[in-house]
Amino acid sequence: MYNISKWDHVFKLDPNKTISEEDLKDICTSGTDAVMIGGTDGVTFENVTDLQERVEAYDVTCVLEVSDVEAVAPDFDAYFIPMVLNSGDKKWMLDVQHQAVKEYSDMINWTDMLTEGYCVLNPEAKVFQKTSCSLPDQADVLAYARMAEHLFRLPVFYMEYSGTYGDSALVKQVADALEETTLVYGGGIRTMQQASEMAAAADVVVVGNVIYDDIQVALQTVEAVKSTKKKDGGRS
Ligand SMILES: CC(C)=CCC/C(C)=C/CC/C(C)=C/CC/C(C)=C/CC/C(C)=C/CC/C(C)=C/CC/C(C)=C/COP(=O)(O)OP(=O)(O)O
Ligand SMILES: O=P(O)(O)OC[C@@H](O)CO
Ligand SMILES: [Mg+2]
């Protein structure tokens, strides 16, 4: 059984991208806490199940981050359901989830579901544009984090800088404001130093695109995150 509050590092694999068997093996046996399958576009039942089967050959926790209800497949260790808190369109906060629950409630095992409160902070990211986000300032981000923890009691607050490296001072401020909710950071990690810096601030660091651009650097982020957590302690 997975426990996200104990995780430090996650690799996010995009089912719409190609990865060699050798690289996939290195990712799955890297010592990461989990492999998350997810992306914003081009996610289909076929490419999700294809990647899922390949990851299942290894002994690593594998979760599906749902971005399209048509691409939900059985037998993942968990299902992460994003709610985009800074979307200007309630569709991405409530409506798509509502529709999915209405249609599929008899197939859902609720203990496998975990809701992520997303705060998207890179205006260039596909997810920012797709979900009509507005760019929050520091006070907005802190308010979203507090709402996630105290009003919605969400297990996860996800600071999403997808494609660009974020503001570690802001990540630290959010970490200081949260007690129970797990703070996940993702975006633009391309060096061990960046991985360590974000590991010192957030509970969980997600590494995505660099997997496809520089697999060796991607693999090194596991040790960078794990050794920072060991040294600094931290909440997770
Ligand atoms: C087990 C089984 C078969 C169950 C069936 C029952 C079932 C269907 C359960 C699902 C229940 C449920 C509540 C589903 C919700 C469905 C849904 C459509 C949720 C919407 C999620 C959402 C807000 C999506 C918007 C996009 C988003 C936040 C995606 C997350 C991934 C992400 C941020 C990727 C980064 O992407 P990007 O910025 O584009 O970067 P790249 O350029 O690298 O891709
Ligand atoms: O792809 P990158 O920029 O590493 O971001 C990771 C993840 O937060 C994307 O959802
Ligand atoms: Mg990606």
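All of these numbers come straight from a predicted model, not from anything done at the bench. Counting starts at 1 for both ligands and their atoms, in listed order.
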(message) With salt bridge (charged side-chain N to carboxylate O under 4.0 Å, His left out) as the criterion, how do Lys126 and Asp41 come out once you've worked through the C-alpha distance, each side chain's angles and the decisive distance to 0.1 Å?
(response) CA-CA 8 Å; Lys126 272 188 262 166; Asp41 51 16; 3.1 Å; yes

(message) I need the atoms of ligand 1 closer than 4.0 Å to a non-hydrogen atom of Asn209, numbered in the order shown.
(response) 43 (O)

(message) Using a 4.0 Å cutoff against the non-hydrogen atoms of Gly188, which atoms of ligand 2 qualify?
(response) 2 (P), 3 (O), 4 (O)

(message) Minimum distance, heavy atoms only, to atom 2 (P) of ligand 2: which one of Val210, Asn209, Val205 is it?
(response) Asn209

(request) State whether the side chain of Asn86 and the backbone N or O of Cys133 hold a donor-acceptor pair below 3.5 Å, judged by distance alone. (result) no

(request) Flag the pair Asp140 / Leu142 as yes when at least one side-chain heavy-atom distance between them is below 4.5 Å, and no otherwise. (result) no

(message) Determine whether a donor-acceptor pair (N or O, by modelled atom type, separation under 3.5 Å) exists between the side chain of Gln97 and the backbone of Pro82.
(response) yes

(request) Indicate if Ile215 and Val207 have the same hydrophobic cluster label, given that clusters are the connected sets of ILVMFWY residues with side-chain heavy-atom separations under 4.5 angstrom. (result) yes

(message) Any side-chain to backbone donor/acceptor pair from Asp203 onto Thr182? Under 3.5 Å, distance only.
(response) no

(message) Checking contacts here: is it the side chain or the backbone of Pro82 that comes within 4.0 Å of ligand 1, counting heavy atoms only? Could be both or neither.
(response) both

(request) Would you check the N or O atoms of Gly163, main chain and side chain alike, for any that come under 3.5 Å of an N or O of ligand 2? (result) yes

(message) Using a 3.5 Å distance criterion without hydrogens, assess whether the side chain of Lys12 forms a donor-acceptor pair with backbone atoms of Ile37.
(response) no

(message) At less than 4.0 angstrom from any non-hydrogen atom of Val69, what atoms of ligand 1 do you find?
(response) 8 (C), 18 (C)

(request) Could you please spell out the steps behind the side-chain hydrogen bond (donor to acceptor under 3.5 Å, both in side chains) verdict for Asp89 and Ser87? (result) CA-CA 5 Å; Asp89 185 347; Ser87 171; 5.6 Å; no

(message) Taking 4.0 Å as the limit for heavy-atom contacts, which would you say applies to Tyr118 with ligand 1: side chain only, backbone only, both, or neither?
(response) side chain

(message) So does His9 get a backbone contact from the side chain of Thr32, meaning a donor-acceptor N/O pair under 3.5 Å?
(response) yes

(message) Show the atoms of ligand 2 that are less than 4.0 angstrom away from any heavy atom in Tyr158.
(response) 7 (C), 8 (O), 10 (O)

(message) Could you check whether any side-chain N or O of Thr221 sits under 3.5 Å from a backbone N or O of Ala218, counting only pairs where one atom can act as donor and the other as acceptor?
(response) yes

(message) Measuring from atom 15 (C) of ligand 1, which candidate in Asn109, Thr164, Ile81 has the nearest non-hydrogen atom?
(response) Ile81

(message) For Gly39, is there any backbone N or O sitting under 3.5 Å from a side-chain donor or acceptor partner on Ser67?
(response) yes

(message) Under a 4.0 angstrom heavy-atom cut-off, which atoms of ligand 1 come close to Ala125?
(response) 38 (O)

(message) By the definition side chain to side chain contact (heavy atoms under 4.5 Å, CB included), identify the one residue from Met83, Glu116, Met147 that meets it with Leu154.
(response) Met83

(message) Tell me whether Lys12 has any N or O atom under 3.5 angstrom from an N or O of ligand 2.
(response) yes

(message) Angle between ring planes, Tyr158 versus Tyr118, binned at 30° and 60°: parallel, tilted or perpendicular?
(response) parallel

(request) Would you check whether Glu65 reaches within less than 4.0 Å of ligand 1, judged by its heavy atoms? (result) yes

(message) Need the ligand 2 atom indices (1-based, order shown) with element for anything under 4.0 Å from a heavy-atom of Glu160.
(response) 7 (C), 8 (O), 9 (C), 10 (O)

(message) I need the atoms of ligand 1 closer than 4.0 Å to a non-hydrogen atom of Asp14, numbered in the order shown.
(response) 44 (O)

(message) Heavy atoms only, cut-off 4.0 Å: how does Val127 contact ligand 1, side chain, backbone, both, or neither?
(response) both

(request) Could you tell me if any non-hydrogen atom of Tyr161 lies under 4.0 Å from any atom of ligand 2? (result) no

(request) Could you list which atoms of ligand 1 come closer than 4.0 Å to a heavy atom of Tyr79? (result) 1 (C)

(request) Measure Ile108 to ligand 1 on non-hydrogen atoms and call it side chain, backbone, both or neither using the 4.0 Å cut-off. (result) side chain

(request) Return a yes/no value for Thr40: is any of its N or O atoms, backbone included, closer than 3.5 angstrom to an N or O of ligand 1? (result) yes

(request) Taking only heavy atoms of Gly186 into account, list the atoms of ligand 2 that are under 4.0 Å away from them. (result) 8 (O)

(request) Answer with side chain, backbone, both or neither: which part of Lys130 has a heavy atom less than 4.0 angstrom from an atom of ligand 1? (result) neither

(request) Report, in ascending order of atom number, the atoms of ligand 1 lying under 4.0 Å from any heavy atom of Thr131. (result) 25 (C)

(request) Report yes if the distance between the aromatic ring centroids of His150 and Phe152 is under 6.0 Å, otherwise no. (result) no

(message) Could you check whether any side-chain N or O of Asp33 sits under 3.5 Å from a backbone N or O of Asp8, counting only pairs where one atom can act as donor and the other as acceptor?
(response) yes

(message) Is there a polar contact, in the sense of an N or O pair closer than 3.5 Å, between Ile189 and ligand 2?
(response) no

(message) Can you confirm, on distance only, whether ligand 2 has an N/O atom lying under 3.5 Å from any N/O atom belonging to Val206?
(response) no

(request) With heavy atoms of Ser162 as the reference, note each atom of ligand 1 found under 4.0 Å away. (result) 35 (C), 37 (P), 38 (O), 40 (O)

